[in-house]
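Since the structure comes first, as structure tokens, the remarks are kept for the end.
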2 protein chains.
Amino acid sequence: MSGDTSARLLALLSFLQTPREWPGSELAQRLGVSPRTIRRDIDRLRDLGYPVEATMGAVGGYRLVAGKAMPPLLLDDEEAVAIAVGLRAAAGSPVEGIEDASVRALAKLEQVLPARLRQRVRSVGAATVSVATAEGPGVAPEALVLIAGAVTGRERLRFAYQGWDGARSRRLAEPYRLVASGRLWYLLAFDVDRDDWRIFRVDRIEEPRLTGARFPERDTPEPDAAAFVRRKMYSSMPTPEITVTVHLSAEEVVRRLGANPEEVEVLGPDVCVLRGHPDTVPFSASRLLMLGAEFEVHEPPELVAYIQALGERALRATRGTGGREASEKFTKGSPS
Amino acid sequence: MSGDTSARLLALLSFLQTPREWPGSELAQRLGVSPRTIRRDIDRLRDLGYPVEATMGAVGGYRLVAGKAMPPLLLDDEEAVAIAVGLRAAAGSPVEGIEDASVRALAKLEQVLPARLRQRVRSVGAATVSVATAEGPGVAPEALVLIAGAVTGRERLRFAYQGWDGARSRRLAEPYRLVASGRLWYLLAFDVDRDDWRIFRVDRIEEPRLTGARFPERDTPEPDAAAFVRRKMYSSMPTPEITVTVHLSAEEVVRRLGANPEEVEVLGPDVCVLRGHPDTVPFSASRLLMLGAEFEVHEPPELVAYIQALGERALRATRGTGGREASEKFTKGSPS
DNA sequence: ACCATGTAGGTCGGATCCTGTCCTAGTTAA
DNA sequence: TTAACTAGGACAGGATCCGACCTACATGGT
């Protein structure tokens, strides 16, 4: 059985992933083989495409460096928990460009995460999620992971769905793809009962369950699922367009907000207009306020009202406290 | 060379980590070996401690389930990027309980992350970090990763440090441990020039460089680095204590803020006092405002001033827009 | 009830590979 | 110069691996 050899190679990879240099002799001792075998193992790893670099000389040693492909990651318990927590946060508030990748990675990890670690992830993760989203419709990572698994596993999904009018219905669907838009997740699926393609907001899906039944590939309405979802979305509900004037250079706005450069219109060296960007109202408000610059909200009345309510509440919160003089000091230095 | 066998085992693990069932025949075909060999490989994986579960019957197949130990994670490019981005965000604003683990995991990942992916992580990550921290002293993940590597690799570190009084000095230190407290990172290290243990705030460290020189283990001032750092910190600088009255039940505050229950004092069914919690002023302000409830800030004058400034700015931002009536509608329904 | 399609596992022979023990060569820091 | 490290060739004995058979058993659909 080469299980011996393979296990040793994995252990070797695990050692080499620690950011330090390992002398061959020490590796040999730890793995219980001769140094010659270690050298051969290093060769094997290199043949597998994992670039092991060696520094020669008296204090030399081996270490794994960045190569062309990702080597298998060997994590200890704590690291695995840390990654799971980070991914849950990332999935709850998707970052443009990697939305589904982080869900896939999370699904992969949770599939093999030992039970005792899963417990720790849940307890630690509760805090993070609340920090990131605070309020607004949070998408439960559990549901996301389950659905992502159903998509790649081609398993039918049964769930309760609450429509935009509040009506609740039971659905049986063949999930085709998950699409993130702004801070929300959408599922493109074939609704078996209604015999047509439908788009579901994931945060309105309740109690998703795998039926266990596999389904065959179906003709998709469009190769680009994201485009399809976006079009359907825009046509079905009027997305509130945001328009804000910001007293800051366009580059700064793009940098601080991580916004799409196309959404920012330059009005002057220190003024620009930010538009588009469909997002949650509370979230947009928070980002604008934390920008650290003067601005004026024009467009969605809800956002204007929300920010005004926030401002009034903030002033109420500081009333009665001797904040007047301190405030002036602050406004002068403008909270950067 | 069993490189063949080992490579096949890794590929097999990679397949099985996808959340779906794999029939042995398909695996055999994909890996170019006979089904019998696949069965033997499955046995090998099981011997290695990775529980491969099989469902029998006509539509059966293999899949990897959670076991006792973490199997090596085999990620594709996008998943690796997603994890790196998530970890960077988690390291920038450490979550209680897994601070150093996420930095360790990030160090491990960045060590082997292919160059082309590193580029993508940087571009995508910029957005995330700005969303999470917006402003305030953000800790650069790069520096954290470098320092974490120096700690585990026992390498001396050279850097420029800006003291609390603004004085800048060059340091040569033997890094012993990274400790997170609140949203800040501290490095406990032995300052070689001053011949004593010192605590450095990581966000004040500039241009950290590895010297390449290893250093021997030194007698630590205390086994519990975290406790040591905390004690030193409290004694050296007066940490601003936060005191806020929140018009919300204590449980809700704990849940929404992810706060420590000890920090919340119950005043009534819908009133409580939140105190302690040393944190960045802008961050605290943001969290309080997004709480979705009335509150009064008492304690750190800076926070009071900051929130007041924020409130005034918010009102300025909505001036001239017809937000009055909408605002009243909103305040009545209190943005949940 | 029966069959197709899965997993599970035994046995065998031949080819392959792996390991430890010798070597020698080249590199670097003290 | 020496010590400590990587790099790699040659060799022989033993272990391992692989494919090709085979049987047993579980499951779902016809």
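Below, chains carry the letters A, B, ... as their sequence lines are ordered, and counting in each starts from 1.
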- request: For A:Asp43 and C:dC17, give me the distance from atom CG to atom P, rounded to whole Å.
  value: 15 Å
query: So, is B:Arg63 near the phosphate of C:dG6, with a side-chain N or O under 4.0 Å from OP1 or OP2?
result: no
message: What is the separation between atom CG on A:Leu31 and atom C1' on C:dG20, rounded to the nearest whole Å?
response: 16 Å
query: Whole Å only: how far is the CD1 atom of B:Ile38 from the C1' atom of C:dT5?
result: 17 Å
- prompt: Under 3.5 Å, is there a donor-acceptor pair between the B:Arg171 and B:Ser169 side chains?
  reply: yes
query: In terms of side-chain heavy atoms, does B:Thr55 have a donor or acceptor partner in B:Glu21 at a distance below 3.5 Å?
result: yes
- prompt: When the nearest nucleotide of DNA chain D is assigned to A:Glu53 and to A:Ala58 on a heavy-atom basis, which residue is associated with the more 5' position?
  reply: A:Ala58
message: Would you say the ring centers of B:Phe215 and B:Phe190 fall short of 6.0 Å from each other?
response: no
- prompt: When the ring centroid of A:Tyr62 is compared with that of A:Phe15, is the distance short of 6.0 Å?
  reply: no
- prompt: What is the distance from CD of B:Glu26 to P of C:dG6, rounded to the nearest Å?
  reply: 10 Å
field: For atom CG of B:Leu9 and atom P of D:dT16, their distance in whole Å
entry: 15 Å
task: List the steps and the verdict of salt bridge (Lys or Arg N to Asp or Glu O under 4.0 Å) for A:Arg20 and A:Glu26.
output: CA-CA 13 Å; A:Arg20 57 164 281 201; A:Glu26 183 175 352; 3.5 Å; yes
- prompt: Tell me: CH2 of B:Trp22 to C1' of C:dT7, nearest whole Å?
  reply: 18 Å
All N/O pairs under 3.5 Å across the protein-nucleotides 18-21 of chain D interface:
residue : atom : partner : partner atom : Å
D:dC18  : OP1  : B:Thr5  : OG1          : 3.4
D:dC18  : OP1  : B:Arg8  : NH1          : 2.9
D:dC18  : OP1  : B:Arg8  : NH2          : 2.6
D:dC18  : OP2  : B:Arg8  : NH2          : 3.3
D:dC18  : OP2  : B:Arg44 : NH2          : 2.7
D:dG19  : OP2  : B:Ser34 : N            : 3.3
D:dG19  : OP2  : B:Ser34 : OG           : 3.1
D:dG19  : OP2  : B:Thr37 : OG1          : 2.1
D:dG19  : N7   : B:Arg40 : NH2          : 2.5
D:dG19  : O6   : B:Arg40 : NH1          : 3.3
D:dG19  : O6   : B:Arg40 : NH2          : 3.2

query: Separation of A:Ile42 atom CD1 from D:dG8 atom P, in whole Å?
result: 12 Å
message: Tell me the interatomic distance from A:Met56, atom CE, to C:dT28, atom P, rounded to whole angstroms.
response: 7 Å
message: B:Arg36 vs B:Val33, test: side chain to side chain contact (heavy atoms under 4.5 Å, CB included). Steps then yes/no.
response: CA-CA 8 Å; B:Arg36 184 68 183 89; B:Val33 290; over 6 Å; no
